[in-house]
Amino acid sequence: MGLGPGGQSLGWQHGMEAQGQAGGSGDTEIDWKAYMQEVEGFANGTLDYTQLKGDTGPLVYPAGFVYIFLGLYHATGRGSNIRLAQYLFAALYLLNLLLVFRIYCRTNKVPPYVFFFMCCASYRIHSIFVLRLFNDPVAMAILFLAINLFLEEHWSWGCLLFSLAVSVKMNILLFAPGLLFLLLQRFGLLGCIPKLCICALLQVVLGLPFLLVNPIGYLTRSFDLGRQFQFKWTVNWRFLPEEVFQNRAFHAALLLAHLAGLGLFALHRWHSSKESILTLLKDPPKRKPPSPPLTVNEIVFILFSSNFLGICCSRSLHYQFYVWYFHTLPYLLWCTPTTKLAHMPKVLLLGVIELCWNTYPSTVCSSLSLHICHGLILLQLWYGMAPMPVSHTPTPSRKRTTTSKKAQ
(Lines give C-alpha, C1' and ligand atoms only; values in the text may rest on other atoms or scores of the structure.)
Protein backbone atom coordinates (compact mmCIF):
# COMPACT_ATOMS: atom_id res chain seq x y z
CA MET A 1 0.00 0.00 0.00
CA GLY A 2 2.90 2.33 -0.66
CA LEU A 3 2.37 5.75 -2.14
CA GLY A 4 4.08 5.08 -5.45
CA PRO A 5 4.47 7.31 -8.52
CA GLY A 6 0.71 7.87 -8.79
CA GLY A 7 0.53 9.40 -5.33
CA GLN A 8 3.56 11.57 -5.98
CA SER A 9 2.04 12.77 -9.26
CA LEU A 10 -1.20 13.54 -7.42
CA GLY A 11 0.73 15.68 -4.94
CA TRP A 12 2.47 17.67 -7.68
CA GLN A 13 -0.75 18.16 -9.66
CA HIS A 14 -2.67 19.26 -6.60
CA GLY A 15 0.10 21.66 -5.63
CA MET A 16 -0.26 23.36 -9.00
CA GLU A 17 -4.02 23.56 -8.51
CA ALA A 18 -3.44 25.17 -5.11
CA GLN A 19 -1.20 27.77 -6.72
CA GLY A 20 -4.02 28.49 -9.15
CA GLN A 21 -6.25 29.42 -6.22
CA ALA A 22 -3.80 32.02 -4.93
CA GLY A 23 -4.91 35.60 -5.06
CA GLY A 24 -8.57 34.74 -5.11
CA SER A 25 -9.83 36.02 -1.76
CA GLY A 26 -10.19 39.52 -0.45
CA ASP A 27 -10.67 38.16 3.07
CA THR A 28 -7.04 37.05 3.22
CA GLU A 29 -5.98 40.17 5.09
CA ILE A 30 -7.89 39.21 8.25
CA ASP A 31 -4.86 37.68 9.95
CA TRP A 32 -2.11 38.43 7.43
CA LYS A 33 -2.41 42.17 8.02
CA ALA A 34 -2.23 41.66 11.78
CA TYR A 35 0.84 39.40 11.39
CA MET A 36 2.57 42.07 9.32
CA GLN A 37 1.76 44.77 11.87
CA GLU A 38 3.18 42.61 14.66
CA VAL A 39 6.48 41.89 12.93
CA GLU A 40 6.74 45.48 11.66
CA GLY A 41 7.09 46.59 15.25
CA PHE A 42 10.08 44.26 15.61
CA ALA A 43 11.52 45.49 12.29
CA ASN A 44 11.31 49.04 13.66
CA GLY A 45 13.35 48.09 16.72
CA THR A 46 10.71 47.23 19.34
CA LEU A 47 12.01 44.38 21.54
CA ASP A 48 9.46 44.61 24.34
CA TYR A 49 7.07 41.78 23.46
CA THR A 50 4.16 43.45 25.22
CA GLN A 51 4.38 46.33 22.73
CA LEU A 52 4.11 44.16 19.62
CA LYS A 53 0.50 44.09 18.43
CA GLY A 54 -1.77 44.24 15.41
CA ASP A 55 -5.42 44.93 14.61
CA THR A 56 -6.50 41.57 16.09
CA GLY A 57 -4.71 42.17 19.39
CA PRO A 58 -1.27 41.60 20.95
CA LEU A 59 1.32 39.21 19.57
CA VAL A 60 0.79 35.82 21.26
CA TYR A 61 3.23 33.57 19.35
CA PRO A 62 6.85 32.72 20.25
CA ALA A 63 9.87 34.31 18.62
CA GLY A 64 10.23 31.83 15.75
CA PHE A 65 7.00 33.21 14.34
CA VAL A 66 8.46 36.71 14.37
CA TYR A 67 11.58 35.76 12.41
CA ILE A 68 9.78 33.67 9.78
CA PHE A 69 7.05 36.22 9.16
CA LEU A 70 9.62 39.01 9.20
CA GLY A 71 11.20 37.26 6.22
CA LEU A 72 7.78 37.14 4.54
CA TYR A 73 7.29 40.81 5.47
CA HIS A 74 10.39 41.81 3.51
CA ALA A 75 9.78 39.33 0.66
CA THR A 76 6.29 40.71 0.03
CA GLY A 77 7.05 44.41 0.14
CA ARG A 78 6.18 44.96 3.80
CA GLY A 79 3.25 42.58 3.45
CA SER A 80 1.57 44.52 0.64
CA ASN A 81 2.03 41.88 -2.07
CA ILE A 82 -0.57 39.40 -0.86
CA ARG A 83 -0.63 37.49 -4.14
CA LEU A 84 3.08 36.69 -3.79
CA ALA A 85 2.48 35.59 -0.19
CA GLN A 86 -0.25 33.24 -1.42
CA TYR A 87 2.09 31.73 -4.00
CA LEU A 88 4.68 31.17 -1.28
CA PHE A 89 2.09 29.47 0.89
CA ALA A 90 0.98 27.37 -2.08
CA ALA A 91 4.58 26.18 -2.36
CA LEU A 92 4.54 25.47 1.38
CA TYR A 93 1.34 23.46 0.87
CA LEU A 94 3.05 21.34 -1.79
CA LEU A 95 6.10 20.81 0.43
CA ASN A 96 3.86 19.83 3.34
CA LEU A 97 2.08 17.26 1.16
CA LEU A 98 5.37 15.74 0.05
CA LEU A 99 6.58 15.46 3.66
CA VAL A 100 3.31 13.83 4.72
CA PHE A 101 3.33 11.45 1.74
CA ARG A 102 6.86 10.40 2.59
CA ILE A 103 5.81 9.52 6.15
CA TYR A 104 2.82 7.53 4.88
CA CYS A 105 4.95 5.76 2.30
CA ARG A 106 7.25 4.58 5.08
CA THR A 107 4.38 3.33 7.27
CA ASN A 108 2.74 1.35 4.45
CA LYS A 109 -0.61 1.41 6.27
CA VAL A 110 -2.95 3.69 4.33
CA PRO A 111 -4.43 2.55 0.98
CA PRO A 112 -3.40 4.79 -1.94
CA TYR A 113 -6.92 5.97 -2.80
CA VAL A 114 -7.12 7.76 0.57
CA PHE A 115 -4.48 10.23 -0.62
CA PHE A 116 -6.99 11.55 -3.13
CA PHE A 117 -9.22 12.63 -0.24
CA MET A 118 -6.26 14.15 1.56
CA CYS A 119 -5.38 16.23 -1.50
CA CYS A 120 -8.68 17.14 -3.09
CA ALA A 121 -11.52 16.85 -0.59
CA SER A 122 -10.81 19.59 1.96
CA TYR A 123 -11.90 23.12 1.14
CA ARG A 124 -11.01 24.20 4.69
CA ILE A 125 -7.38 23.04 4.42
CA HIS A 126 -6.97 24.79 1.06
CA SER A 127 -8.28 27.97 2.63
CA ILE A 128 -6.01 27.73 5.68
CA PHE A 129 -2.90 27.30 3.54
CA VAL A 130 -3.40 29.26 0.34
CA LEU A 131 -6.00 31.91 1.12
CA ARG A 132 -5.79 32.76 4.82
CA LEU A 133 -1.99 32.56 5.27
CA PHE A 134 -2.14 31.43 8.90
CA ASN A 135 0.99 30.51 10.84
CA ASP A 136 -0.46 27.06 11.71
CA PRO A 137 0.59 25.49 8.36
CA VAL A 138 4.14 26.83 8.81
CA ALA A 139 4.43 25.14 12.20
CA MET A 140 2.95 21.87 10.91
CA ALA A 141 5.24 21.72 7.86
CA ILE A 142 8.29 22.09 10.10
CA LEU A 143 6.84 19.42 12.42
CA PHE A 144 6.41 16.93 9.56
CA LEU A 145 10.00 17.60 8.49
CA ALA A 146 11.08 16.82 12.07
CA ILE A 147 9.11 13.54 12.01
CA ASN A 148 10.83 12.56 8.76
CA LEU A 149 14.15 13.10 10.52
CA PHE A 150 13.03 10.96 13.47
CA LEU A 151 12.18 8.16 11.03
CA GLU A 152 15.72 8.37 9.66
CA GLU A 153 17.21 8.19 13.18
CA HIS A 154 18.40 11.81 13.06
CA TRP A 155 17.07 12.52 16.53
CA SER A 156 19.15 15.60 17.34
CA TRP A 157 18.25 17.37 14.11
CA GLY A 158 14.65 16.27 14.56
CA CYS A 159 14.53 17.76 18.06
CA LEU A 160 15.98 21.01 16.75
CA LEU A 161 13.26 21.30 14.12
CA PHE A 162 10.59 20.20 16.58
CA SER A 163 11.60 23.09 18.83
CA LEU A 164 11.58 25.45 15.85
CA ALA A 165 8.00 24.37 15.10
CA VAL A 166 7.04 25.07 18.72
CA SER A 167 8.52 28.54 18.35
CA VAL A 168 6.09 29.23 15.50
CA LYS A 169 2.99 28.04 17.34
CA MET A 170 2.53 26.25 20.64
CA ASN A 171 0.07 23.63 19.37
CA ILE A 172 3.13 21.54 18.44
CA LEU A 173 3.50 20.85 22.17
CA LEU A 174 0.61 18.39 21.80
CA PHE A 175 3.15 16.07 20.17
CA ALA A 176 5.61 16.58 23.06
CA PRO A 177 4.36 13.77 25.38
CA GLY A 178 4.76 11.28 22.56
CA LEU A 179 8.19 12.61 21.66
CA LEU A 180 9.33 12.40 25.29
CA PHE A 181 8.18 8.77 25.41
CA LEU A 182 10.09 7.99 22.20
CA LEU A 183 13.26 9.67 23.47
CA LEU A 184 13.09 7.71 26.72
CA GLN A 185 12.53 4.45 24.86
CA ARG A 186 15.33 5.14 22.40
CA PHE A 187 17.95 6.65 24.72
CA GLY A 188 16.89 6.22 28.35
CA LEU A 189 16.74 9.09 30.85
CA LEU A 190 20.38 10.17 30.67
CA GLY A 191 20.50 9.78 26.91
CA CYS A 192 17.43 11.89 26.25
CA ILE A 193 18.60 14.85 28.36
CA PRO A 194 20.90 16.21 25.59
CA LYS A 195 17.99 16.04 23.13
CA LEU A 196 15.76 17.97 25.53
CA CYS A 197 18.55 20.51 25.99
CA ILE A 198 18.62 21.06 22.23
CA CYS A 199 14.91 21.88 22.34
CA ALA A 200 15.30 24.24 25.29
CA LEU A 201 18.46 25.93 23.98
CA LEU A 202 16.85 26.85 20.67
CA GLN A 203 13.93 28.48 22.51
CA VAL A 204 16.39 30.56 24.53
CA VAL A 205 18.43 31.57 21.49
CA LEU A 206 15.36 32.59 19.48
CA GLY A 207 13.82 34.50 22.34
CA LEU A 208 17.04 36.07 23.62
CA PRO A 209 16.56 39.57 22.12
CA PHE A 210 13.17 39.79 23.82
CA LEU A 211 14.23 38.03 27.03
CA LEU A 212 16.97 40.60 27.58
CA VAL A 213 14.49 43.48 27.40
CA ASN A 214 11.38 42.11 29.12
CA PRO A 215 11.65 38.42 30.04
CA ILE A 216 8.34 38.25 31.92
CA GLY A 217 6.53 40.02 29.10
CA TYR A 218 7.96 37.62 26.51
CA LEU A 219 7.17 34.45 28.46
CA THR A 220 3.66 35.48 29.45
CA ARG A 221 2.74 36.60 25.93
CA SER A 222 4.34 33.89 23.81
CA PHE A 223 3.66 30.91 26.12
CA ASP A 224 0.32 31.89 27.64
CA LEU A 225 -1.30 28.53 28.46
CA GLY A 226 -4.25 30.14 30.22
CA ARG A 227 -5.44 32.36 27.36
CA GLN A 228 -9.22 32.63 27.06
CA PHE A 229 -10.82 31.81 23.70
CA GLN A 230 -13.87 33.51 22.23
CA PHE A 231 -17.00 31.36 22.20
CA LYS A 232 -18.11 32.65 18.80
CA TRP A 233 -15.16 30.94 17.07
CA THR A 234 -15.35 27.52 18.74
CA VAL A 235 -15.87 24.54 16.45
CA ASN A 236 -15.96 21.80 19.07
CA TRP A 237 -17.93 23.18 22.05
CA ARG A 238 -20.84 25.02 20.42
CA PHE A 239 -23.37 22.77 22.19
CA LEU A 240 -22.29 24.06 25.61
CA PRO A 241 -23.59 27.26 27.26
CA GLU A 242 -21.01 30.05 26.99
CA GLU A 243 -20.64 30.30 30.77
CA VAL A 244 -19.61 26.62 30.90
CA PHE A 245 -17.23 27.10 27.96
CA GLN A 246 -15.46 29.93 29.83
CA ASN A 247 -15.51 28.21 33.23
CA ARG A 248 -12.09 27.41 34.72
CA ALA A 249 -13.44 24.21 36.28
CA PHE A 250 -14.37 22.97 32.81
CA HIS A 251 -10.84 23.77 31.61
CA ALA A 252 -9.37 21.86 34.56
CA ALA A 253 -11.59 18.85 33.78
CA LEU A 254 -10.36 18.84 30.18
CA LEU A 255 -6.75 18.99 31.37
CA LEU A 256 -7.32 16.03 33.71
CA ALA A 257 -8.98 14.07 30.90
CA HIS A 258 -6.01 14.85 28.64
CA LEU A 259 -3.48 13.70 31.25
CA ALA A 260 -5.49 10.56 31.97
CA GLY A 261 -5.69 9.73 28.26
CA LEU A 262 -1.95 10.19 27.83
CA GLY A 263 -1.26 8.01 30.86
CA LEU A 264 -3.52 5.21 29.64
CA PHE A 265 -2.07 5.23 26.14
CA ALA A 266 1.50 5.39 27.45
CA LEU A 267 0.93 2.42 29.75
CA HIS A 268 -1.20 0.22 27.51
CA ARG A 269 -0.71 1.24 23.87
CA TRP A 270 2.70 2.86 23.54
CA HIS A 271 4.65 0.64 25.93
CA SER A 272 5.21 -2.71 24.20
CA SER A 273 7.31 -4.49 26.83
CA LYS A 274 5.86 -6.60 29.63
CA GLU A 275 8.31 -4.91 31.97
CA SER A 276 7.38 -1.84 34.01
CA ILE A 277 7.25 1.43 32.11
CA LEU A 278 9.91 2.68 34.53
CA THR A 279 12.44 0.54 32.66
CA LEU A 280 12.42 3.31 30.04
CA LEU A 281 14.48 5.37 32.47
CA LYS A 282 17.37 2.91 32.16
CA ASP A 283 19.98 3.04 29.43
CA PRO A 284 18.81 0.72 26.60
CA PRO A 285 21.79 -1.70 26.90
CA LYS A 286 21.03 -2.21 30.61
CA ARG A 287 17.39 -3.20 30.12
CA LYS A 288 16.42 -6.81 30.59
CA PRO A 289 15.13 -7.94 28.21
CA PRO A 290 16.71 -5.41 25.84
CA SER A 291 14.32 -2.99 24.16
CA PRO A 292 13.73 -3.69 20.46
CA PRO A 293 14.59 -0.89 18.03
CA LEU A 294 11.81 1.58 17.35
CA THR A 295 9.90 0.89 14.15
CA VAL A 296 8.49 3.47 11.75
CA ASN A 297 4.92 2.68 12.77
CA GLU A 298 5.70 2.94 16.47
CA ILE A 299 7.18 6.41 16.01
CA VAL A 300 4.30 7.66 13.86
CA PHE A 301 1.56 6.08 15.98
CA ILE A 302 2.92 7.47 19.24
CA LEU A 303 3.37 11.00 17.88
CA PHE A 304 0.05 11.14 16.01
CA SER A 305 -1.98 9.64 18.86
CA SER A 306 -0.33 12.00 21.37
CA ASN A 307 -1.46 14.96 19.27
CA PHE A 308 -4.94 13.52 18.73
CA LEU A 309 -5.53 13.09 22.46
CA GLY A 310 -4.74 16.78 22.89
CA ILE A 311 -7.13 17.71 20.07
CA CYS A 312 -9.95 15.71 21.71
CA CYS A 313 -9.44 17.52 25.02
CA SER A 314 -8.81 20.98 23.60
CA ARG A 315 -10.49 23.92 25.35
CA SER A 316 -11.46 25.26 21.94
CA LEU A 317 -10.79 24.47 18.30
CA HIS A 318 -10.89 27.35 15.84
CA TYR A 319 -11.25 26.83 12.10
CA GLN A 320 -7.56 27.16 11.31
CA PHE A 321 -6.76 24.51 13.93
CA TYR A 322 -8.05 21.81 11.54
CA VAL A 323 -4.57 21.67 10.05
CA TRP A 324 -3.24 20.53 13.44
CA TYR A 325 -4.45 16.99 12.77
CA PHE A 326 -6.02 16.80 9.29
CA HIS A 327 -3.01 15.07 7.71
CA THR A 328 -2.75 12.57 10.58
CA LEU A 329 -6.36 11.36 10.39
CA PRO A 330 -5.87 8.77 7.61
CA TYR A 331 -3.10 7.09 9.58
CA LEU A 332 -5.10 7.10 12.80
CA LEU A 333 -8.00 5.45 10.96
CA TRP A 334 -6.01 2.87 9.00
CA CYS A 335 -3.22 2.00 11.45
CA THR A 336 -5.48 -0.67 12.96
CA PRO A 337 -6.27 -3.90 11.09
CA THR A 338 -8.95 -3.23 8.48
CA THR A 339 -11.15 -5.70 6.62
CA LYS A 340 -12.23 -4.92 3.08
CA LEU A 341 -15.75 -4.04 4.22
CA ALA A 342 -14.47 -1.63 6.87
CA HIS A 343 -12.79 0.80 4.47
CA MET A 344 -16.00 2.63 3.55
CA PRO A 345 -16.99 3.56 7.16
CA LYS A 346 -13.53 5.05 7.65
CA VAL A 347 -13.85 7.15 4.50
CA LEU A 348 -17.32 8.19 5.68
CA LEU A 349 -15.86 9.24 9.03
CA LEU A 350 -13.34 11.47 7.23
CA GLY A 351 -16.22 13.00 5.29
CA VAL A 352 -18.27 13.76 8.41
CA ILE A 353 -15.26 15.40 10.09
CA GLU A 354 -14.75 17.52 6.98
CA LEU A 355 -18.39 18.59 7.03
CA CYS A 356 -18.10 19.57 10.69
CA TRP A 357 -15.13 21.81 9.95
CA ASN A 358 -16.84 23.34 6.91
CA THR A 359 -19.96 24.32 8.85
CA TYR A 360 -19.74 28.05 9.51
CA PRO A 361 -20.71 29.20 11.99
CA SER A 362 -20.54 25.98 13.94
CA THR A 363 -23.79 24.53 15.26
CA VAL A 364 -24.83 22.27 18.10
CA CYS A 365 -25.15 19.45 15.58
CA SER A 366 -21.76 20.03 13.93
CA SER A 367 -19.82 20.23 17.20
CA LEU A 368 -21.57 17.17 18.65
CA SER A 369 -20.89 15.25 15.45
CA LEU A 370 -17.22 16.22 15.64
CA HIS A 371 -16.96 14.84 19.19
CA ILE A 372 -18.70 11.63 18.14
CA CYS A 373 -16.23 11.17 15.28
CA HIS A 374 -13.30 11.84 17.62
CA GLY A 375 -14.74 9.35 20.12
CA LEU A 376 -15.07 6.66 17.44
CA ILE A 377 -11.45 7.16 16.38
CA LEU A 378 -10.31 6.93 20.01
CA LEU A 379 -12.29 3.72 20.52
CA GLN A 380 -10.79 2.24 17.39
CA LEU A 381 -7.27 3.16 18.50
CA TRP A 382 -7.87 1.66 21.94
CA TYR A 383 -9.58 -1.59 20.98
CA GLY A 384 -8.13 -2.05 17.50
CA MET A 385 -4.54 -1.30 18.44
CA ALA A 386 -3.40 -4.34 20.34
CA PRO A 387 -0.15 -4.01 22.30
CA MET A 388 2.59 -3.47 19.76
CA PRO A 389 4.67 -6.45 18.68
CA VAL A 390 8.02 -6.75 20.37
CA SER A 391 9.94 -6.65 17.13
CA HIS A 392 9.50 -6.08 13.42
CA THR A 393 11.64 -7.01 10.49
CA PRO A 394 12.84 -3.84 8.78
CA THR A 395 12.18 -3.51 5.08
CA PRO A 396 15.23 -4.33 2.92
CA SER A 397 15.14 -0.92 1.19
CA ARG A 398 15.34 1.00 4.46
CA LYS A 399 17.79 -0.72 6.75
CA ARG A 400 17.81 0.87 10.17
CA THR A 401 21.23 1.40 11.62
CA THR A 402 21.54 0.51 15.28
CA THR A 403 24.69 2.47 15.72
CA SER A 404 24.40 5.70 17.60
CA LYS A 405 26.11 7.70 14.88
CA LYS A 406 22.95 9.10 13.37
CA ALA A 407 21.33 9.49 16.75
CA GLN A 408 24.10 11.68 18.11
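We're numbering straight along the sequence, starting at 1. Note: hydrogens, waters and symmetry copies are ignored here, and every other heavy atom, side chains too, is used.
- Panel note: side chain Trp32, backbone Gly79; a donor-acceptor pair is recorded below 3.5 Å.
- In this structure, Thr76 contributes its side chain and Arg78 its backbone to no donor-acceptor pair below 3.5 Å.
- Annotation: Phe250 is not in aromatic contact with Phe245 [ring centroid separation under 6.0 Å not met].
- Between the CD1 atom of Ile372 and the CG atom of Leu368 there is a distance of 6.0 Å, given to the nearest 0.5 Å.
- Remark: His371 pairs with Trp237, Phe239 by the ring-ring contact (aromatic ring centres under 6.0 Å, His included) rule, at least two apart or across chains.
- Judged by distance alone, with hydrogens and angles left aside, the side-chain atoms of Ser122 form no donor-acceptor pair with the main-chain N or O of Phe117 at under 3.5 Å.
- For an aromatic pair to be called close, the ring centres must be under 6.0 Å apart, and Phe175 with Phe162 fails this.
- Between the side chains of Trp324 and Asn307, no donor-acceptor pair is found at a separation under 3.5 Å.
- Considering only heavy atoms from C-beta on, Leu59 stays 4.5 Å or farther from Phe42 through its side chain.
- For an aromatic pair to be called close, the ring centres must be under 6.0 Å apart, and His374 with Tyr325 satisfies this.
- Within a 6.0 Å radius of OH in Tyr123, no more than 12 heavy atoms belonging to other residues, nucleotides or ligands are found.
- Note that NZ of Lys282 is 10.0 Å distant from OG of Ser291, once rounded to the nearest 0.5 Å.
- A donor-acceptor distance shorter than 3.5 angstrom exists from the side chain of Arg287 to the backbone of Thr279, with no hydrogens or angles considered.
- Minimum heavy-atom separation, Tyr104 to Leu329: OH-N, 4.2 Å.
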- Worked verdict on Leu211 versus Tyr49 for side chain to side chain contact (heavy atoms under 4.5 Å, CB included): CA-CA 9 Å; Leu211 290 169; Tyr49 228 65; over 6 Å; no
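- For the atom pair Tyr322 OH and Arg124 CZ, the distance stands at 9.5 Å (nearest 0.5 Å).
- For the pair Arg269 and Trp382, the distance from NZ or CZ to the six-membered ring centre is under 6.0 Å and the angle to the ring normal is within 45 degrees.
- With no hydrogens or angles considered, no side-chain donor-acceptor pair links Ser362 and Thr359 at under 3.5 Å.
- Judged purely by atom type and a 3.5 angstrom limit, Asn44 uses its side chain to pair as donor or acceptor with the backbone of Glu40.
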- Query: Please walk me through it: do Met118 and His327 pass side chain to side chain contact (heavy atoms under 4.5 Å, CB included)?
  - Reply: CA-CA 7 Å; Met118 188 186 297; His327 294 99; 3.8 Å; yes
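- A side-chain N or O of Ser305 and one of Trp270 form a donor-acceptor pair less than 3.5 Å apart.
- The two residues Cys119 and Leu97 make their nearest non-hydrogen contact at SG-CD1, 4.0 Å.
- In this model, no donor atom of one side chain and acceptor atom of the other lie less than 3.5 Å apart for Glu152 and Asn148.
- Without hydrogens or angle criteria, Tyr93 side chain to Pro137 main chain gives no donor-acceptor distance under 3.5 Å.
- Proximity of Leu143 to Val166: side-chain heavy atoms (C-beta onward) are nowhere separated by under 4.5 Å.
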- Task: Would you sort out whether Tyr67 and Val39 count as a side chain to side chain contact (heavy atoms under 4.5 Å, CB included), showing the intermediate values?
- Result: CA-CA 8 Å; Tyr67 301 128; Val39 300; over 6 Å; no
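- The two residues Leu349 and Cys373 make their nearest non-hydrogen contact at CD1-SG, 3.7 Å.
- With a 4.5 Å cut-off on side-chain heavy atoms, Leu160 and Trp157 count as touching.
- A 4.5 Å side-chain heavy-atom check between Leu206 and Leu164 finds at least one atom pair inside the cut-off.
- Nearest heavy-atom pair, Cys192 versus Leu184, reported as atom, atom and distance to 0.1 Å: SG-CD2, 3.7 Å.
- In this structure, Phe89 CZ and Leu95 CG are separated by 12.5 Å, a value rounded to the nearest 0.5 Å.
- Arg221 contributes a side-chain N or O that, together with a main-chain N or O of Thr50, makes up a donor-acceptor pair within less than 3.5 Å.
- Judged purely by atom type and a 3.5 angstrom limit, Gln86 has no side-chain atom pairing as donor or acceptor with the backbone of Asn81.
- Within the model, atoms CD1 of Ile311 and NE2 of His258 stand 9.0 Å from one another, a figure rounded to the nearest 0.5 Å.
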- Message: Does Asn247 form a side chain to side chain donor-acceptor pair (under 3.5 Å) with Glu243? I'd like the steps, not just the answer.
- Response: CA-CA 6 Å; Asn247 193 288; Glu243 55 270 20; over 6 Å; no
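- Comment: Glu275 does not engage Lys288 in a salt bridge, judged by the lack of any side-chain N to carboxylate O separation of less than 4.0 angstrom.
- Gln37 and Asp55 get closest at one heavy-atom pair: OE1-N, 2.7 Å.
- In this structure a side-chain-to-backbone donor-acceptor pair under 3.5 Å is present from Gln380 to Leu333.
- Using a 4.5 Å heavy-atom threshold, the side chains of Leu378 and Cys312 count as touching.
- The side-chain heavy atoms of Leu303 and Phe150, taken from C-beta on, include a pair separated by under 4.5 Å.
- Side-chain contact of Thr46 with Asp48: a donor-acceptor pair under 3.5 Å is absent, judged by distance alone.
- No side-chain donor from either of Arg238 and Ser367 sits under 3.5 Å from a side-chain acceptor of the other.
- Contact between Ala63 and Phe210 at its shortest, heavy atoms only, is CB-CE1, 3.8 Å.
- Cation-pi geometry between Lys195 and Phe187 is met: the NZ or CZ atom falls under 6.0 Å from the ring centre, inside 45° of the normal.
- With hydrogens and angles left out, the side-chain atoms of Glu38 and Tyr61 include no donor and acceptor closer than 3.5 Å.
- For the pair Asn236 and Ser316, the minimum side-chain heavy-atom distance is below 4.5 Å.
- For the residue pair Gln203 and Ser163, a side-chain donor N or O sits within less than 3.5 Å of a side-chain acceptor on the partner.
- The aromatic ring centroids of Tyr319 and Trp233 lie 6.0 Å or more from each other.
- Residue Ile216 places its CD1 atom among 12 or fewer non-hydrogen atoms of other residues, nucleotides or ligands, all under 6.0 Å distant.
- The aromatic ring centroids of Phe321 and His318 lie less than 6.0 Å from each other.
- Here the CG atom belonging to Leu259 is positioned 10.5 Å from the CG atom belonging to Leu309, to the nearest 0.5 angstrom.
- Looking only at side-chain heavy atoms (C-beta outward), Trp357 and Leu370 come within less than 4.5 Å of each other.
- A side-chain N or O of Tyr35 and one of Asn135 form a donor-acceptor pair less than 3.5 Å apart.
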- Task: Using the side chain to side chain contact (heavy atoms under 4.5 Å, CB included) rule, take Glu242 and Lys232 through it: C-alpha gap first, then chi angles, then the decisive distance, then the call.
- Result: CA-CA 9 Å; Glu242 184 171 359; Lys232 66 178 181 179; over 6 Å; no
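- Between the side chains of Tyr331 and Asn297, a donor-acceptor pair is found at a separation under 3.5 Å.
- A donor-acceptor distance shorter than 3.5 angstrom exists from the side chain of Asn358 to the backbone of Glu354, with no hydrogens or angles considered.
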